[in-house]
Amino acid sequence: QVQLVESGGGLAQPGGSLTLSCEISGRMFSPSRMGWYRQAPGKQRELVAILRSGGGKEYGDSVKGRFMISKGNAKNSVDLQMNSLQPEDTAVYYCYVYPRPDSTYDYWGQGTQVIVSS
């Protein structure tokens with residue numbers, strides 16, 4: 001029932017900005033965690049940013065100070081503002097939801113491509 005759809009990916013120049021959005025549909029109320037992971041070609045998926053219920057935020061070391069995660073305007077949505085983009089940020093970005101503290105499952109979007117190149 002739950003679906004995650006990412007949008008906002010595309011091409012940016014080094015130093016530029018992009019904003020990603022994830023819209024969550026289906027039966028989902030106050031998810032315990034939601035946020036973003038990314039996977040670059042030939043590399044493993046890594047944490048980008050997590051927004052916890054109550055407003056707590058966590059960022060991966062490589063994006064700290066440059067990216068900002070926030071609650072989206074739509075119900076059960078989450079945004080990722082990416083600033084000062086670098087070529088190393090090139091990856092497929094995946095939305096992630098962990099429904100409840102005791103959940104034994106999670107949800108993933110299909111991903112949106114971000115390419116940073118001059």
- Show the numbers, then the answer: is there a side chain to side chain contact (heavy atoms under 4.5 Å, CB included) between Leu85 and Phe67? CA-CA 9 Å; Leu85 285 164; Phe67 291 10; 3.9 Å; yes
- Message: Is there a path of hydrophobic side-chain contacts, each under 4.5 Å between heavy atoms, that joins Tyr96 and Val63?
- Response: no
- Query: Looking at side-chain heavy atoms only, is the closest gap between Ser7 and Ser21 below 4.5 Å?
  - Reply: yes
- Task: With the side chain counted from C-beta on, respond yes when Cys22 and Trp36 share a heavy-atom pair under 4.5 Å apart, and no when they do not.
- Result: yes
- CA sep, side-chain torsions, deciding dist, call: Ile69, Val78, side chain to side chain contact (heavy atoms under 4.5 Å, CB included): CA-CA 7 Å; Ile69 190 169; Val78 59; 3.6 Å; yes
- For Pro31 and Ser53 the tightest heavy-atom approach is O-CB, 3.7 Å
- Task: Indicate the atoms forming the closest heavy-atom contact of Asn76 with Ser30, along with that distance.
- Result: OD1-N, 4.2 Å
- Enclosure of Gln86 CD (heavy-atom neighbours >12, cutoff 6.0 Å): yes
- Item | Ring-ring centroid check Tyr37 Trp108, cutoff 6.0 Å | yes
- Query: Do the non-hydrogen side-chain atoms of Ile24 and Val2 ever get within less than 4.5 Å of each other?
  - Reply: yes
- Is it possible for you to check whether Arg45 lies under 6.0 Å from the centre of the six-membered ring of Tyr94, through NZ or CZ, and within 45° of that ring's axis? yes
- Heavy-atom side-chain contact between Ser32 and Pro101 under 4.5 Å: yes
- Message: Can you tell me if Gln110 has over 12 outside heavy atoms packed within less than 6.0 Å of its CD?
- Response: no
- Item | Residues Asp89 and Arg66 bridged, charged N to O under 4.0 Å | yes
- Message: Please report the interatomic distance CG(Leu47) to CD(Glu58), rounded to the nearest 0.5 Å.
- Response: 5.5 Å
- Could you check if a side-chain atom of Ile50 sits within less than 4.5 angstrom of a side-chain atom of Tyr98, using non-hydrogen atoms only? no
- Message: What I want to check is whether the side chains of Ser62 and Arg38 have a donor and an acceptor closer together than 3.5 Å.
- Response: yes
- Task: Could you tell me whether the side chain of Leu20 reaches within less than 4.5 Å of the side chain of Val114, counting heavy atoms only?
- Result: yes
- Between Thr90 and Gln113, is any pair of side-chain heavy atoms under 4.5 Å apart? yes
- Message: Run Leu80 and Thr19 through side chain to side chain contact (heavy atoms under 4.5 Å, CB included) and show every step you take.
- Response: CA-CA 6 Å; Leu80 180 70; Thr19 299; over 6 Å; no
- Does a side-chain heavy-atom distance below 4.5 Å link Ser25 with Gln3? yes
- Have Asp79 and Ser70 got a donor and an acceptor in their side chains that come within less than 3.5 Å? no
- Message: Please check if the number of heavy atoms outside Lys57 that lie under 6.0 Å from its NZ is greater than 12.
- Response: yes
- Answer yes or no: is there a donor N or O on one side and an acceptor on the other, between the side chain of Glu6 and the main chain of Gly111, under 3.5 Å? yes
- So which heavy atom on Pro14 is nearest to which on Ser118, and how close? CD-N, 3.7 Å
- Task: Look up atom CZ in Arg100 and atom CG in Asp106, then write down how far apart they are to the nearest 0.5 Å.
- Result: 12.0 Å
- Item | Nearest-0.5 Å distance, CE of residue Met34 to NZ of residue Lys71 | 7.0 Å
- Note on the structure: dist Arg52:CZ -> Arg33:CZ (nearest 0.5 Å) comes out at 4.5 Å
